[in-house]
Amino acid sequence: MGCLGNFLWFICGGLVSGLTWAVAGCLWCITIIGIPIGKQCFKLAGLSFFPFGKEVDYGGGVGSLIVNIIWIIVTGLPLALEHAVFGAIMCITIVGIPFGLQHFKLAKLALMPFGARVR
């Protein structure tokens, strides 16, 4: 299911969501201070291109909390809203439910990307 799911995902919306993460990474990399945040965006763009078969573990400490708060204010809300809307649209049909669940996983990740590990 992972390979077929990733292929269908990429064609039916994964390309758009991955490019959104990549654009966010490019915008963060404009400043020197934002480069670590931009690098995290590029990692999550790879997850957004092919999310099936991967799990996300949340953790982190105080540093992750501070960066997540700045992230939510600047970039996190639009990305999370994008994934939540796409997830709701995908869940309208029975066939789209697995894709909708992946969008919801990415929406949660868009709100708290720092301190999260992808397995």
Side-chain angles (χ1 to χ4, degrees):
M1 175 63 185
C3 188
L4 178 63
N6 281 327
F7 177 73
L8 292 174
W9 168 268
F10 187 78
I11 292 172
C12 298
L15 178 64
V16 174
S17 63
L19 287 177
T20 305
W21 279 97
V23 168
C26 288
L27 291 175
W28 274 103
C29 285
I30 290 173
T31 64
I32 293 175
I33 296 171
I35 290 175
I37 298 172
K39 286 176 62 175
Q40 183 74 1
C41 288
F42 293 134
K43 290 178 191 175
L44 297 176
L47 173 68
S48 187
F49 282 132
F50 304 109
F52 285 94
K54 298 177 183 167
E55 295 180 18
V56 178
D57 294 330
Y58 293 96
V62 177
S64 297
L65 176 67
I66 292 170
V67 177
N68 277 331
I69 291 171
I70 294 169
W71 168 263
I72 288 172
I73 294 169
V74 177
T75 311
L77 284 177
L79 283 172
L81 189 63
E82 172 195 358
H83 286 296
V85 168
F86 285 156
I89 290 171
M90 290 289 189
C91 285
I92 291 174
T93 65
I94 292 175
V95 175
I97 289 175
F99 299 112
L101 293 176
Q102 294 301 319
H103 272 296
F104 293 139
K105 175 173 77 173
L106 290 169
K108 181 179 177 184
L109 189 62
L111 289 175
M112 300 178 297
F114 299 98
R117 280 189 309 179
V118 178
R119 300 186 289 133

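Along the sequence shown, residues are numbered consecutively beginning with 1. Note that this is a predicted model, so its numbers are computed, not measured.
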Q: Give the table of side-chain donor-acceptor pairs shorter than 3.5 Å for residues 26-38, with sequence neighbours excluded, one pair per line with atom names and distance.
A:
from : atom 1 : to  : atom 2 : distance (Å)
W28  : NE1    : T75 : OG1    : 2.8
T31  : OG1    : G34 : N      : 3.1

Q: In Å, rounded to the nearest 0.5 Å, how long is the span from CG of L47 to NZ of K54?
A: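 That separation rounds to 6.0 Å.
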Q: Quick one: which residue pairs count as a side chain to side chain donor-acceptor pair (under 3.5 Å) with a foot in residues 89-98, not counting sequence neighbours?
A: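 Every candidate side chain to side chain donor-acceptor pair (under 3.5 Å) pair involving residues 89-98 fails, so no pair, neighbours aside, qualifies.
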Q: How would you list, by chain and number, every residue that makes a side chain to side chain donor-acceptor pair (under 3.5 Å) with R119, sequence neighbours excluded?
A: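 In terms of side chain to side chain donor-acceptor pair (under 3.5 Å), with neighbours along the sequence ignored, R119 is linked to E55, D57.
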Q: Pair I11, L15 - check side chain to side chain contact (heavy atoms under 4.5 Å, CB included), show working.
A: CA-CA 7 Å; I11 292 172; L15 178 64; over 6 Å; no
Q: What pairs with I69 under side chain to side chain contact (heavy atoms under 4.5 Å, CB included), at least two apart in sequence or on another chain?
A: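 So I69 forms a side chain to side chain contact (heavy atoms under 4.5 Å, CB included) with L65, I73.
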Q: How long is the span from the CZ atom in F52 to the CG atom in L8, to the nearest 0.5 Å?
A: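 One gets 8.0 Å once the value is rounded to the nearest 0.5 Å.
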Q: S64: what forms a side chain to side chain donor-acceptor pair (under 3.5 Å) with it, not counting sequence neighbours?
A: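 Side chain to side chain donor-acceptor pair (under 3.5 Å) check on S64 returns nothing, list empty.
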Q: Atom OG in S17, atom CG in L44: separation rounded to 0.5 Å?
A: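 Answer for the OG-CG pair, S17 versus L44, is 11.5 Å.
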Q: Could you tell me which residues satisfy side chain to side chain donor-acceptor pair (under 3.5 Å) with Q40, sequence neighbours excluded, listed by chain and number?
A: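 Q40: no side chain to side chain donor-acceptor pair (under 3.5 Å) contacts found.
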Q: Can you sort out the partners of H83 under side chain to side chain donor-acceptor pair (under 3.5 Å), two or more places apart, ordered by chain and number?
A: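 Side chain to side chain donor-acceptor pair (under 3.5 Å) check on H83 returns W21, H103.
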Q: Distance-only criterion, 3.5 Å: show the donor-acceptor pairs between side-chain atoms of residues 107-115 and protein atoms not counting sequence neighbours.
A:
none

Q: Does F86 share a hydrophobic cluster with L81, counting links as ILVMFWY side-chain heavy atoms below 4.5 Å and allowing steps through other members?
A: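 No, no single cluster joins them.
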Q: By ring-ring contact (aromatic ring centres under 6.0 Å, His included), which residues pair with F50, not counting sequence neighbours?
A: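 ring-ring contact (aromatic ring centres under 6.0 Å, His included) check on F50 returns F10.
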